[in-house]
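Remember, it's a predicted structure, so these values are computed and weren't measured experimentally.
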Amino acid sequence: MRPRTAAWRHALGAVAAAAACAGPAWAGLPGSRTAAGTDGSAAEISLDFAPAPMGYIPYVPAPKAPAQRPARLDAKTLAQLALEQNAEVLYARLQSRVSEQAAEAESGLYLPVAYANLRREGRNRQRTVEERLTAALGGITRLNESVLAGETGVRVKAPSGAEVALAWRANQRRNNVIGSATFATSDAEATGALVLSLRQPLLRGAGRDVVETDLRVARHEREIGTWQFRQQVLRIGSEALSTYWQLWRARETQALRRAALDNAQEALGDVKSRVDGGRLPPAALDESSAVLSARRAELARGQQALFDAEARVRVLLDLPPQDGGWDLAEPEPESAPPARGLAALAERLPDVEAAWPPLRMAQLKREQADARLRLAHSKKLPALDVQASYSSNSLVYGPLDAAIKATQGRNPDWTVGVAMEVPLGGDRRAQAEYRAQQLRVEQSALEVHSVRQALASDYFNRAAQLDELRRELAQLRDELSAREQLEAGVREQFTLGAAPRSRLLRLQADVLDARLRLVDGNSRVALARVALQLVDGSLLAAHDVRIDE
């Protein structure tokens with residue numbers, strides 16, 4: 001590398017001198033930056049008041065609480081434990097908090113910003129011919145000067161889009177020309193100024209709607225995150241309730257299928273004895289064997305459904321694979337409410353829409369699109385700004401005196417102006433962004449309409465399905481009652497020897513089949529009720545679940 005010139009050595013010396021003049025309070029301040037230039041350039045110290053990192057500490061999340069094993073399960077308990085322990089619900093809650101912090105980050109839009117900078121300059125150059133001819137001290141051929149300048153102030157943004165700043169500026173110069181004057185008492189002079197400046201947009205960028213676009217979008221995003229969390233809670237809650245009723249149906253039907261298998265085995269024994277006695281043809285034995293095989297297949301199929309239901313419970317509750325065998329509470333008998341007409345459903349539809357997360361999220365996205373559309377419209381306008389400033393100035397020998405005199409309002413200096421900027425031929429980029437945003441608004445409006453229509457249709461459909469299933473369940477109960485009465489009568493006849501055993505076994509099988517249909521009907525009514533509660537917004541309240549916002 002080539003050796004540094006004298007000018008470079010002088011510039012680097014000026015930087016060191018500036019740091020020394022600034023004092024130890026500035027020299028080691030975190031966030032300061034220094035830069036040196038060639039002859040006549042400046043060394044700058046800029047302060048941004050950023051806190052110094054004291055060493056990065058990795059964030060370690062708190063360990064997940066161990067899963068609770070339920071000793072006894074009912075629908076409400078399973079739903080509450082699933083919402084408390086399910087990983088997808090916990091993830092959605094964390095995502096909601098992320099949205100909250102994003103909105104908090106945008107809430108500092110109107111907070112004032114304090115700033116300051118300190119600058120040290122040094123120069124050693126020849127004086128120009130014009131300077132030597134117009135100055136009284138024309139014999140001085142070189143200018144040896146150092147400057148220490150500083151500025152501090154407060155800057156704030158207004159809802160109208162204006163930027164207002166109040167700053168104090170100070171500048172102290174030392175050079176050989178000042179000290180050579182006959183009237184000079186020092187080789188330094190200091191200037192100070194208290195400056196108030198304003199920049200107010202009149203067209204592009206003006207107005208609260210434009211200034212607060214990012215803030216409003218972030219707040220809508222926070223609400224969307226909250227509704228997404230609620231949607232996940234509803235999804236997992238309804239899935240837990242559906243899983244419970246599937247598990248209950250699998251348990252109940254397995255017990256009935258075992259009883260049906262025992263009945264088929266007993267019937268096979270009866271048929272075999274009757275065939276051996278010559279009272280039935282051998283083909284009857286084949287028919288009974290086929291019925292027995294079908295019962296065994298149904299039992300095996302039911303066992304697979306039971307395993308699947310237990311596996312879903314373990315996934316919901318984050319339990320180990322070997323867990324199972326929970327005691328299920330007996331479902332409480334439900335009194336069938338009267339069927340609701342279309343008028344009653346239509347009257348409650350607005351409340352259903354207000355509580356449906358997909359619709360609320362679609363509406364919030366529409367509001368976000370409207371906010372961005374107003375911003376895109378502002379970008380199409382010409383830039384027309386009013387700029388104004390007012391300052392009081394002072395010129396003395398010391399920097400402290402200059403600061404004091406600058407605040408006394410002497411030597412005012414003010415400016416008022418208008419700046420305008422109009423793209424020739426139109427701003428095609430802004431116009432294209434505006435048209436694109438119009439299409440996004442149309443998309444969001446279409447989404448709101450489609451979600452509202454689908455919700456209304458689903459709500460009416462699920463309410464009608466539940467009413468029909470309840471009527472079907474009442475019929476199944478009547479059927480079971482009738483078959484049980486018939487089976488009881490034949491049992492008495494069999495006891496008296498007036499009825500054959502085969503007829504009793506056949507009626508017992510019919511009763512078991514009726515009970516299977518009733519269990520299936522009860523589970524379908526419960527699942528339909530859960531589906532309706534999911535749509536009409538009553539699912540969480542019906543199972544004592546509250547979301548703390």
Could you check whether any side-chain N or O of His543 sits under 3.5 Å from a backbone N or O of Leu539, counting only pairs where one atom can act as donor and the other as acceptor? yes
Specify the closest pair of heavy atoms between Val195 and Ser391, including all atoms of both residues, with the distance to one decimal. CG2-CB, 3.6 Å
To check you understand the geometry: which heavy-atom pair defines the closest contact between Ala167 and Tyr115, and what is its length? CB-OH, 3.2 Å
Assess whether side-chain contact (heavy atoms from CB on, under 4.5 Å) is satisfied between Asp427 and Lys380, documenting all intermediate values. CA-CA 7 Å; Asp427 192 340; Lys380 289 174 53 184; over 6 Å; no
Heavy-atom check, side chain of Val418 versus side chain of Leu202, under 4.5 Å: no
Treating Ser146 as the side-chain partner and Gly122 as the backbone partner, does any N or O pair qualify as donor plus acceptor under 3.5 Å? no
Is there a side-chain contact between Leu118 and Leu148, using heavy atoms and a 4.5 Å cut-off? yes
Are Glu433 and Lys379 close enough that some pair of their side-chain heavy atoms sits under 4.5 Å apart? yes
Please enumerate all residues that pass side-chain hydrogen bond (donor to acceptor under 3.5 Å, both in side chains) together with Gln228, with sequence neighbours excluded. none
Just checking, any donor-acceptor pair under 3.5 angstrom between side chains of Gln431 and Arg428? no
Is the backbone of Val164 close enough, under 3.5 Å, to the side chain of Ser197 for a donor and an acceptor to pair up by distance? no
Surrounding CG of Leu439 (heavy atoms of other residues, nucleotides or ligands, distance under 6.0 Å), is the total greater than 12? yes
Mind listing the closest non-hydrogen atom pair of Asn411 and Ser394 along with its distance? ND2-CA, 4.2 Å
Can you pull the salt bridge (charged side-chain N to carboxylate O under 4.0 Å, His left out) pairs that have at least one residue in residues 451-460, sequence neighbours excluded? Glu353-Arg452, Asp458-Arg462
Salt bridge (charged side-chain N to carboxylate O under 4.0 Å, His left out) with Asp351: which residues, sequence neighbours excluded? none
Test item: Ser444 side-chain N/O and Val441 main-chain N/O as donor-acceptor pair under 3.5 Å: yes
How many angstroms lie between OG1 in Thr243 and CG in Leu78, if you round to the nearest 0.5 Å? 7.0 Å
Does Leu381 offer a backbone N or O that forms a donor-acceptor pair with the side chain of Arg204 under 3.5 Å? yes
Closest non-hydrogen contact found for Gly225 with Ser99 is CA-OG, 4.1 Å
Starting at CG of Leu166, measure out to CZ of Arg155 and round the result to the nearest 0.5 Å. 12.5 Å
Do the non-hydrogen side-chain atoms of His449 and Gln453 ever get within less than 4.5 Å of each other? yes
Using the salt bridge (charged side-chain N to carboxylate O under 4.0 Å, His left out) rule, collect all pairs that involve residues 160-177, keeping only residues at least two apart or in two chains. Glu145-Arg173, Glu151-Arg169, Lys157-Glu163, Arg173-Glu189, Arg174-Asp187
More than 12 heavy atoms of other residues, nucleotides or ligands under 6.0 Å from CD of Glu442: yes or no? no
Does the Gln387 side chain pair with the main chain of Gly417, one donor and one acceptor, at a distance under 3.5 Å? no
Do you know which two heavy atoms are closest between Asn86 and Leu316, and how far apart they sit? ND2-O, 3.8 Å
State, yes or no, whether a side-chain contact exists between Gln232 and Gln95 at a heavy-atom distance under 4.5 Å. no
Contact check, side chains of Trp227 and Gln363, non-hydrogen atoms, under 4.5 Å: no
Determine yes or no for a side-chain-to-main-chain donor-acceptor pair under 3.5 angstrom, with Glu239 supplying the side chain and Arg312 the backbone. no
More than 12 heavy atoms of other groups within 6.0 Å of Glu347 CD: no
Sequence neighbours excluded, the answer for side-chain hydrogen bond (donor to acceptor under 3.5 Å, both in side chains) partners of Tyr91 is none
For Arg429, look at atom CZ and say whether over 12 heavy atoms of other residues, nucleotides or ligands are found less than 6.0 Å away. no
Which value, rounded to the nearest 0.5 Å, describes the distance between Leu534 atom CG and Leu241 atom CG? 9.5 Å
Rounded distance (nearest 0.5 Å) linking atom CD of Gln368 with atom NE2 of His220: 6.5 Å
Do NZ/NE/NH1/NH2 and the carboxylate oxygens of Lys76 and Asp544 come within less than 4.0 Å? yes
Can you confirm whether Val211 sits close enough to Pro159 that some side-chain heavy atom of one is under 4.5 Å from a side-chain heavy atom of the other? no
Output all residues satisfying side-chain hydrogen bond (donor to acceptor under 3.5 Å, both in side chains) with Ser238, sequence neighbours left out; order by chain, then residue number. none
Minimum-distance pair of heavy atoms, taken over all atoms of Val154 and Pro112: CG1-CB, 3.7 Å
Rounded to the nearest 0.5 angstrom, the CG-CZ distance for Asn171 and Arg119 is 10.5 Å
So does Pro321 get a backbone contact from the side chain of Arg314, meaning a donor-acceptor N/O pair under 3.5 Å? yes
Is atom CZ of Arg219 surrounded by more than 12 heavy atoms (other residues, nucleotides or ligands) closer than 6.0 Å? no
Determine, for Asp385 against Arg199, whether the closest basic-nitrogen to carboxylate-oxygen distance falls under 4.0 angstrom. yes
Straight-line distance of Arg435 CZ to Leu373 CG, nearest 0.5 Å: 13.0 Å
Looking at Asp370 and Arg374, does any basic side-chain N land under 4.0 Å from a carboxylate oxygen? no
